[in-house]
Amino acid sequence: YRKGDFVGAIADYSKVIQLKPDNAIAYYNRGLAENDKGDLDTALADYDKAIQLEPAFAFAYSNRGNTKKTKGDLTGALADFNKAIELKPDYALAYCSRGNAKALKGDLDGALADYDKAIQLKPDDDVTYQSRGYAKQAIGDLDGALVDYTKAIELKPDDAFTYYYRGIAKQGKVDMKGALDDFSKAIKLKPDHAGAYHNRGCLRYDSQDFTNALADFRRVLNLDSSED
């Protein structure tokens, strides 16, 4: 599973379940592999079984919530995150995941409170800083967003998306050179990041660097056509 062989992992967990049908962890692990493989309904069924066998399985509730969130069932996802936190009040990832679901529902204040709690419990999680930065950016707190994105980059320097989001925040602060640098870094880390090419192209166009702007816009078109 850790090597990305989800099909092999599912086969192995299925053998464990065949030998021991009451093994909640095997159902849970198979659900993780199925989720990562994209079989969301099958993953939900395995999480359901894991919870049936072990009703206090906080990790199963949280991951079932993530799968429900992916399927667009935000109400069901929130219920699962609430249960996971009730069972395990120090579960930082569940707070972050619940914050993401709240943000998608438009409850940014609730999301920020959950991100704060997650960071209090696990101060070295780059994903939570990135998520909190995004929520702060959404409410117009660009300075706070920049602080969180910078912390996320400090914790994980190779995340292209954090550089991209920070670049957008810097644009909002009219720090065009900083934004250009961040978009370029995002592209270096993820050469197929169409958004970073587009935003960098716009900055270059505005600074009358038309040749490089055109090159960026062409790259966006090539990436878009390759996805068709």
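- Residues I187 and A196 share a closest heavy-atom pair of CG1-CB, 3.6 Å.
- One hydrophobic cluster holds both F161 and L180 under the rule that ILVMFWY side chains link at heavy-atom gaps under 4.5 Å.
- Looking at heavy atoms from C-beta onward, D159 lies out of side-chain contact with I153 at the 4.5 angstrom threshold.
- The number of heavy-atom neighbours closer than 6.0 Å to CD1 of I25, taken from other residues, nucleotides and ligands shown, is 12 or below.
- Partner of D182 under the side chain to side chain donor-acceptor pair (under 3.5 Å) criterion, chosen from Q171, K177, R200, R166: R166.
- A salt bridge between K122 and D124 is present, with a side-chain N of the basic residue lying under 4.0 Å from a carboxylate O of the acidic one.
- Across A118 and A92, no two heavy atoms sit closer than the pair CB-O, 3.4 Å.
- Between G99 and D114, the shortest heavy-atom distance links the atoms N-OD2, 3.6 Å.
- Connection of L146 to V174 is not established within any shared hydrophobic cluster, with ILVMFWY side chains joined at heavy-atom distances below 4.5 Å, either directly or through further cluster members.
- In this structure, the separation between OG1 on T42 and CD on E34 is 5.5 Å, given to the nearest 0.5 Å.
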>> Let's go through Q18 and S14 carefully: what are the C-alpha distance in whole Å and the side-chain angles of both, what is the deciding distance for side chain to side chain contact (heavy atoms under 4.5 Å, CB included) to 0.1 Å, and is it a yes or a no?
In response: CA-CA 6 Å; Q18 186 177 2; S14 296; over 6 Å; no
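- Applying the 6.0 Å contact sphere to CZ of F217 captures more than 12 heavy atoms from other residues, nucleotides or ligands.
- Panel note: side chain D73, backbone K69; no donor-acceptor pair is recorded below 3.5 Å.
- Taking every heavy atom of both residues into account, A135 and L112 meet most closely at CB-CD2, 3.8 Å.
- Taking the charged nitrogens against the carboxylate oxygens, D216 and R218 have no contact shorter than 4.0 Å, which rules out a salt bridge.
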> Run the ring-ring contact (aromatic ring centres under 6.0 Å, His included) check on Y115 and Y129 step by step: do they pass?
Replying inline: CA-CA 8 Å; Y115 297 142; Y129 281 104; over 10 Å; no
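- Closest heavy-atom contact between C96 and S131: SG-OG, 4.3 Å.
- Taken together through direct or relayed side-chain contacts under 4.5 Å among Ile, Leu, Val, Met, Phe, Trp and Tyr, M176 and Y164 form part of one hydrophobic cluster.
- K71 places a side-chain heavy atom less than 4.5 Å from the side chain of D41.
- For A43 against N35, the heavy-atom pair with the smallest separation is CB-N, 3.7 Å.
- Under the 4.5 Å side-chain heavy-atom criterion for ILVMFWY residues, no single connected hydrophobic cluster contains both Y13 and L19.
- One distance of note links CZ of R132 with CG of N100; it measures 13.0 Å at 0.5 Å rounding.
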>> side chain to side chain contact (heavy atoms under 4.5 Å, CB included) for F59 and K88? Distances and angles first, verdict last.
In response: CA-CA 9 Å; F59 298 110; K88 188 173 171 55; 3.9 Å; yes
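- The aromatic rings of Y28 and F57 sit tilted, their planes meeting at an angle between 30° and 60°.
- In this structure, S62 contributes its side chain and A58 its backbone to no donor-acceptor pair below 3.5 Å.
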> K37 and D39: salt bridge (Lys or Arg N to Asp or Glu O under 4.0 Å), yes or no, with the steps?
Replying inline: CA-CA 6 Å; K37 184 173 175 284; D39 295 336; 3.0 Å; yes
> Between D148 and Q130, is a side chain to side chain contact (heavy atoms under 4.5 Å, CB included) present by the stated rule, with each step listed?
Replying inline: CA-CA 6 Å; D148 278 345; Q130 185 197 82; over 6 Å; no
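- Summarising the geometry, atom CD1 belonging to I17 is positioned 11.0 Å from atom CG belonging to D12; distances are rounded to the nearest 0.5 Å.
- Atom CG of D107 sits about 11.5 Å away from atom CG of L74, to the nearest 0.5 Å.
- In this structure, the separation between CZ on R98 and NZ on K117 is 10.5 Å, given to the nearest 0.5 Å.
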>> Using side chain to side chain contact (heavy atoms under 4.5 Å, CB included), reason through K83 and I85 one step at a time and then give a plain yes or no.
In response: CA-CA 5 Å; K83 185 64 177 179; I85 290 167; over 6 Å; no
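- Remark: side-chain polar atoms of D209 are not paired, donor with acceptor, to backbone N or O of Y205 under 3.5 angstrom.
- Residue N29 holds its CG atom at 11.5 Å from CD1 of I10, rounded to the nearest 0.5 Å.
- In summary, the aromatic rings of F183 and Y163 are positioned with their centroids too far apart to meet the 6.0 Å limit.
- Under the 4.5 Å side-chain heavy-atom criterion for grouping Ile, Leu, Val, Met, Phe, Trp and Tyr, Y149 is connected to I168 within one hydrophobic cluster.
- Between K136 and D143, none of the side-chain N atoms (NZ, or NE/NH1/NH2) sits under 4.0 Å from a carboxylate O, so this pair counts as no salt bridge.
- Between K151 and D126 no salt bridge is recorded (no basic side-chain N to carboxylate O distance below 4.0 Å).
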